[in-house]
Structure formats: C-alpha cells, structure tokens
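What's counted below: heavy atoms across the whole structure, side chains too, no hydrogens, waters or symmetry copies. Proteins come first, then strands; the chains are lettered A, B, ... in the order of their sequence lines, and each starts at number 1.
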Number of protein chains: 2
Amino acid sequence: MGRRPLSTIRRKEFARAAYDCLARHGMSGTTLARVAETAGVSKASLLHYFKNKDELLEAAMRYGNGILKDENAALMKIARTPWQRIYAVIEANTSPRSFKPSVAHGWLTLLAAVPLNPQYCRIQKAIYARTKSNLIGPLRTLSDQETAVAVTETLVSIIDGVWLRLGLGIEPMSTENARAQIELALDARFGQSEERTHARDIMTEASRILMLSKGVNR
Amino acid sequence: MGRRPLSTIRRKEFARAAYDCLARHGMSGTTLARVAETAGVSKASLLHYFKNKDELLEAAMRYGNGILKDENAALMKIARTPWQRIYAVIEANTSPRSFKPSVAHGWLTLLAAVPLNPQYCRIQKAIYARTKSNLIGPLRTLSDQETAVAVTETLVSIIDGVWLRLGLGIEPMSTENARAQIELALDARFGQSEERTHARDIMTEASRILMLSKGVNR
DNA sequence: TTCTTGATTGACTCACCTGTCAATGTAAGT
DNA sequence: ACTTACATTGACAGGTGAGTCAATCAAGAA
C-alpha cells in the first residue's frame with residue numbers, strides 16, 4: 001500500500017530490537033537509547049526511521065504479531081479440511097517457535113498499552129478479527145452457528161489466557177499444557193472423531209516441518 | 001503481621017488512587033504527581049506513606065486483587081458442596097461488581113510489570129495458588145486427580161483470557177459471555193447434573209445478595 | 001502550657017528521556 | 001569529479017519524574 005520504502009529491512013531490525021527490549025525491560029525500561037543500543041546504532045538513527053517512539057512501538061507490535069501471523073498463514077495454506085483449519089490456528093498459536101516466556105512478556109507489555117493508543121487498538125482489533133474468523137469458519141461447517149461462536153470465544157480466551165500465564169512466568173506453561181486445555185474445550189462440543197484426531201496429527205506434523213525449514217520467509 | 005500501622009486506611013486510599021491511575025493512564029502515565037492529584041494530596045505526602053513508587057504500586061496490586069479476594073472469601077464461606085465451591089470461584093471472578101473494563105485494564109497494566117519485579121511476582125504467585133487450590137479441591141471430589149488438574153488449568157486460562165479481553169476493550173465482553181465460556185469448559189468433563197445446576201443458581205443468588213449488601217466489609 | 005509525634009507540603013536536586021539539528025560519511029548516478 | 005540522496009551520529013534543548021529535605025501544622029500527652 002502506501003508504505004514508504006525507507007529500507008523496510010532496517011525498520012524490521014529496529015522493530016525486533018524494540019520488541020526484545022519490551023520483553024526484557026518492560027514498557028518503562030524500553031527507552032529509545034536502550035533500543036538503539038540493542039540494535040547497535042545511535043538513538044538519533046532510530047528516529048531517522050521512526051518519527052517517534054509510538055511509531056517504533058507500533059512496528060514492534062506488528063513485528064511480534066507477524067511471527068504468529070506468518071506461521072498461521074503457512075499452516076492455513078496447507079489445511080484442506082475444516083478440522084485441519086482449526087488445528088492450523090491452534091498449532092500456530094501454541095507453536096514452540098514463538099510460545100516462549102520472553103515473547104509472551106513482550107506481547108503482554110504491548111497489550112497493556114493498547115487501550116491508551118487508538119492505533120495499537122486498531123492493530124489488535126484486526127488480529128482478533130482474523131483469528132476469530134479463522135476459527136468460526138470451519139467450526140460453522142461442523143456445528144450450528146451458535147455453537148461455533150461459543151467455541152470460538154472460548155478458544156480465543158484460552159489462547160489469550162495461556163499466553164498471559166506464559167508471559168507472567170510464575171508457573172510452568174508448556175505448549176503441551178496449552179494444547180491440552182484447548183483440546184478440553186473442543187471436547188465439550190465435539191467428540192474425538194477420527195477426522196479430528198487425524199487433522200491434529202497432520203497439522204502438528206506440518207508445523208514441525210515448517211519449523212525445520214527455518215523461519216517462514218518474508 | 002509485621003504491618004506497620006501508619007494509618008492503614010490512608011494507605012488504602014492511596015492504593016486505590018494509584019489503581020485508578022493505572023487503569024486510566026497506564027504504567028507510564030501513572031506518575032507520583034498524578035496519583036497524588038487523584039488522591040487530592042501532594043506528591044511528598046504520598047512518599048510519606050510509601051517509601052517509593054514500587055511500594056505504592058505493590059499496594060495498588062494488593063488493593064485490586066483484594067476486591068476479588070474478598071468476594072471470593074465471602075462466597076466460599078457460603079458454599080457447602082463441591083459444586084458450590086467451584087461456582088463460588090467462578091462467580092467471584094466474573095462478578096459484575098468488578099468485571100469492568102477499567103478494573104481489567106488496571107489489572108492488565110500491573111500484570112505487565114510482574115516479570116520485572118520479584119515482589120509483584122510473589123504476590124501474583126500467591127493469587128494463582130489460591131485460585132487453583134480453590135478449584136482443584138472440590139474438583140477432586142468430583143473426578144480423578146488428573147481431570148481435576150486439567151479442568152482447573154483450563155478454567156484459570158479462560159478467566160485470565162476473558163479479563164485480558166475485557167481490559168483491552170476492543171470487543172464486547174460481558175459477565176454472561178465469560179460465564180458461558182467457563183460453562184463450556186466444565187461441560188467437557190462434567191454433565192449437566194441437577195447438583196451442578198442447582199449449585200450455580202445458589203451461588204449466583206448468593207453473589208447477588210452480597211452485592212446488594214454493598215461491599216463486603218473490611 | 002509545653003512537648004512529642006506524626007501529617008503535610010513547597011522547593012529543590014538529580015537523573016534520564018524524547019526529539020531536534022547541524023555536520024559528516026558514503027554510495028551511486030552522471 | 002561532481003552531485004544528489006540517504007545514513008549516521010554527537011551534541012543539545014526542553015521537559016518530566018523520582019525522591020529528599022527542612023519547615024510548618026495539628027493534636028494529643030504530660
């Protein structure tokens with residue numbers, strides 16, 4: 001779209017440095033000076049690429065979300081059945097590649113700022129809309145609309161909840177634990193059909209392969 | 001315990017003011033000056049009661065949690081059966097009295113700081129331990145240990161998730177919506193027994209009565 | 001009344017943070 | 001070689017926030 005080039009790759013590096021800072025030092029500890037140091041440049045250089053701190057943090061938010069988004073997109077492309085699409089979302093959102101305490105803390109730090117900044121708000125809104133839509137579509141083909149909505153809402157809450165708990169770091173939280181919780185919620189409205197189990201195995205395997213092929217490009 | 005008196009009531013007022021600030025202005029916007037203004041005193045007066053900002057925010061954290069804790073304790077005292085104890089926790093954690101966007105945002109803001117401060121960490125750890133224990137106890141009398149643990153984990157994640165989404169304020173999130181999600185998770189491992197339904201009605205009613213009697217004392 | 005203890009505050013210090021700017025470096029095009 | 005456009009930076013300005021301190025105020029005890 002109307003994206004200015006301005007060395008997109010450099011911006012991404014800085015967004016990553018900002019995200020790392022947020023994860024390690026929290027919002028108050030994430031100063032331009034510290035981000036610059038993390039990225040190995042001067043503070044003034046940062047402000048050459050981002051006109052202010054808000055814009056930098058916005059990029060950090062897009063960067064952090066981008067990781068999940070890319071994995072999700074890659075898995076969605078592979079998925080062929082409704083259950084596979086559901087497990088694509090689940091796999092992407094609990095993939096060990098990003099399901100780490102530091103990533104979760106960075107995410108949590110940014111979320112806390114969402115209600116204070118309309119731009120962050122818009123970004124986050126889009127993320128929720130996408131995730132919900134990715135879940136409700138296939139779920140509707142497996143049940144009535146009402147059930148699909150209810151299950152979607154619950155899955156989204158569980159995903160948010162496990163990420164939150166992961167980010168707090170005060171109790172162990174593994175990919176397996178997270179997925180077990182999601183499975184439990186699915187059990188509430190769907191039986192352990194052959195189709196479901198098979199789809200899960202397929203998508204788990206697909207996720208593993210994608211992870212091995214080191215980083216979804218772009 | 002070893003609590004210094006130092007006008008406990010005054011400290012609570014300030015903790016409340018700090019919490020309000022956190023909810024309204026986020027972590028960076030919560031300055032000593034602003035909290036002081038909210039409380040109607042000078043910044044220096046604040047620091048007479050709290051030796052630094054960290055201690056003030058710690059008090060804010062205890063204050064915010066205290067609301068839920070008191071409601072939980074009151075309902076727990078009423079509960080007589082396992083299912084009633086389970087619904088005591090659920091009611092307390094989704095009570096319209098505290099289940100509000102501003103409260104949730106204050107909570108979210110504090111949570112983001114948890115990994116950066118060992119003291120916040122300890123407080124939050126205790127909160128999780130209590131909630132989990134309150135759920136796992138009664139659940140164990142209704143199922144095997146493994147199931148009790150799994151359901152507890154899921155319920156905790158859903159509660160955290162709905163609070164998070166409430167705090168973000170980018171989508172509607174009501175008490176009813178939150179409870180529907182929790183019910184769904186319970187459905188996964190427990191049928192709609194007469195006992196369960198009845199317990200839910202009892203605790204909902206108890207919560208309503210407590211709410212009418214305006215604020216659990218102390 | 002006098003003394004003591006705690007409450008409250010304005011003024012101040014010091015550190016740090018954001019954002020600007022002018023100067024310099026650098027690489028590619030002509 | 002010259003020019004243009006961008007990259008990078010040190011230095012600086014302006015502002016703000018945390019925390020200190022000495023002085024004042026109020027109330028109860030002796």
**Test: A/R200 and A/E91 ion pair at under 4.0 Å** = no
**Asked** Within the modelled atom types, does a donor on one side and an acceptor on the other bring the side chain of A/K43 and the base of C/dG19 under 3.5 Å apart?
**Response** yes
**Message:** If I take atom CZ in residue A/F14 and atom C1' in nucleotide D/dA7, what distance separates them, rounded to the nearest angstrom?
**Reply:** 10 Å
**Message:** Looking at A/Y49, I'd like to know whether one of its side-chain N or O atoms comes within less than 4.0 Å of OP1 or OP2 on D/dC6.
**Reply:** no
**Contacting residues from residues 23-41 of chain B, given that a heavy atom lies under 4.0 angstrom of DNA chain C** = B/V41
**Fill in**
Result for side-chain contact (heavy atoms from CB on, under 4.5 Å) between A/I158 and one of B/D160, B/I158, B/V162 points to B/I158
**Item:** Among D/dG19, C/dC21, C/dT9, the nucleotide that comes nearest once only the side chain of B/A44 is considered
**Value:** C/dT9
**Asked** So, is B/H48 close to the C/dA7 phosphate, meaning a side-chain N or O under 4.0 Å from OP1 or OP2?
**Response** yes
**Flag, side chain of B/W163 to backbone of A/G161, donor-acceptor distance under 3.5 Å** = no
**Message:** What I'd like to find out is whether the side chain of B/R85 reaches to under 4.5 Å of the side chain of B/N134, using heavy atoms alone.
**Reply:** no
**Request:** Mind calculating the distance between CG (A/L47) and P (D/dG10) to the nearest angstrom?
**Result:** 14 Å
**Whole-Å distance separating the CD1 atom of A/I9 from the P atom of D/dA7** = 13 Å
**Asked** So, B/S157 versus A/R165: side-chain donor-acceptor pair below 3.5 Å or not?
**Response** yes
**Item:** Donor + acceptor pair across side chains of B/Y49, B/R11 (<3.5 Å)
**Value:** no
**Request:** Using a strict 4.0 Å threshold on nitrogen-to-oxygen distance, state whether B/K125 and A/E171 make a salt bridge.
**Result:** no
**Complete:** Closest of C/dT20, C/dT9, D/dT8 to the A/S42 side chain is D/dT8
**Request:** Send over the distance from A/L56 CG to C/dC17 P, rounded to a whole Å.
**Result:** 14 Å
Enumerate all atom pairs, one protein N or O and one N or O from nucleotides 23-27 of chain C, separated by less than 3.5 Å.
none

**Fill in**
Rounded to whole Å, CG of B/L57 lies from C1' of D/dA18 at a distance of 12 Å
**Prompt:** What is the distance from CG of A/D54 to C1' of C/dT18, rounded to the nearest Å?
**Reply:** 11 Å
Name every donor-acceptor pair, under 3.5 Å, that has one atom in a side chain of residues 106-117 of chain A and the other anywhere in the protein, sequence neighbours excluded.
residue : atom : partner : partner atom : Å
A/T109  : OG1  : A/H105  : O            : 2.8
A/N117  : OD1  : A/Q119  : N            : 2.8
A/N117  : OD1  : A/Y120  : N            : 3.2
A/N117  : ND2  : A/D54   : OD2          : 3.4

**Message:** Rounding to an integer number of Å, can you tell me how far A/E55 CD sits from C/dG19 P?
**Reply:** 10 Å
**Asked** Taking atom P of D/dG19 as reference, at what distance in whole Å does atom CG of B/L46 sit?
**Response** 11 Å
**Short N-O contact, B/R10 and B/E13, less than 4.0 angstrom** = yes
**Asked** With respect to the side chain of B/S45, which nucleotide from C/dG19, D/dC6, C/dT8 is positioned closest?
**Response** C/dT8
**Item:** Derivation and outcome, salt bridge (charged side-chain N to carboxylate O under 4.0 Å, His left out), residues B/E58 and B/R62
**Value:** CA-CA 6 Å; B/E58 189 187 315; B/R62 290 188 200 278; 3.1 Å; yes
**Fill in**
Among the nucleotides C/dG19, D/dG19, C/dT8, whichever has the atom closest to the side chain of B/R10 is C/dT8
